[in-house]
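Here's the structure, in C-alpha cells; my notes come after.
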Amino acid sequence: MEHGERQPTWTVRSGQDLGRAIADIRSRRGLTQQQVADKVGLTRGYLAKIETGRSVTLLDHLLRILRRLGATVTITLTKPDNGSA
C-alpha cells in the first residue's frame, strides 16, 4: 500500500466477522490457507473453518465478553513485518 493510503479496517462483532477479516487479510497478503496454518500451528482445514464461520464458538464467546465489558474490537491491516503473517 502506498504511503498515506487509508488502511483497511474491519469491525468485528462475531466470530464470522473475525473469520472474514482473517480471510481477507490473508488474501491481501498473498498467502494461502496452508501457509498461514503452518505459521500458526493449525491445520489448513481448521483455518478454513474459522475463515468461513464454521468453527467460531469460542470466538463468539470471547467477543461477547468484550462487548459486555464495553470494548469495541477493530482490526486494522498494517504492513507486514519481514516474513510474518
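None of the values given here were measured: they were computed from a predicted structure.
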- Contacts of Thr74 meeting side chain to side chain contact (heavy atoms under 4.5 Å, CB included) (sequence neighbours excluded), chain-then-number -> Thr9, Thr11, Thr72, Thr76
- Those residues that, when tested against Asp24, pass salt bridge (charged side-chain N to carboxylate O under 4.0 Å, His left out) (two or more places apart): Arg28
Listed pairs under 3.5 Å, donor-acceptor, residues 56-63 side chains, sequence neighbours left out:
unit_1	atom_1	unit_2	atom_2	d
Asp60	OD1	Gly15	N	2.5

- Query: Taking only residues two or more places apart in sequence, or in another chain, which ones meet Thr32 in a side-chain hydrogen bond (donor to acceptor under 3.5 Å, both in side chains)?
  - Reply: Gln35
- Answer yes or no: are there more than 12 heavy-atom neighbours, outside Arg26 itself, under 6.0 Å from its atom CZ? yes
- Query: Among all residues two or more places apart in sequence or in another chain, which pass the side-chain hydrogen bond (donor to acceptor under 3.5 Å, both in side chains) test with Arg54?
  - Reply: Thr52
- Taken in chain and number order and not counting sequence neighbours, the residues that satisfy side chain to side chain contact (heavy atoms under 4.5 Å, CB included) with Thr43 are Tyr46
- Message: Is there a path of hydrophobic side-chain contacts, each under 4.5 Å between heavy atoms, that joins Leu18 and Ile65?
- Response: no
- Student check: side-chain heavy atoms of Leu47 and Ile22 closer than 4.5 Å: yes
- Message: For Arg44, give me all partners under side-chain hydrogen bond (donor to acceptor under 3.5 Å, both in side chains), at least two apart in sequence or on another chain.
- Response: Gln33
- Taking atom CD of Gln34 and atom CG of Leu42, what is their separation to the nearest 0.5 Å? 10.5 Å
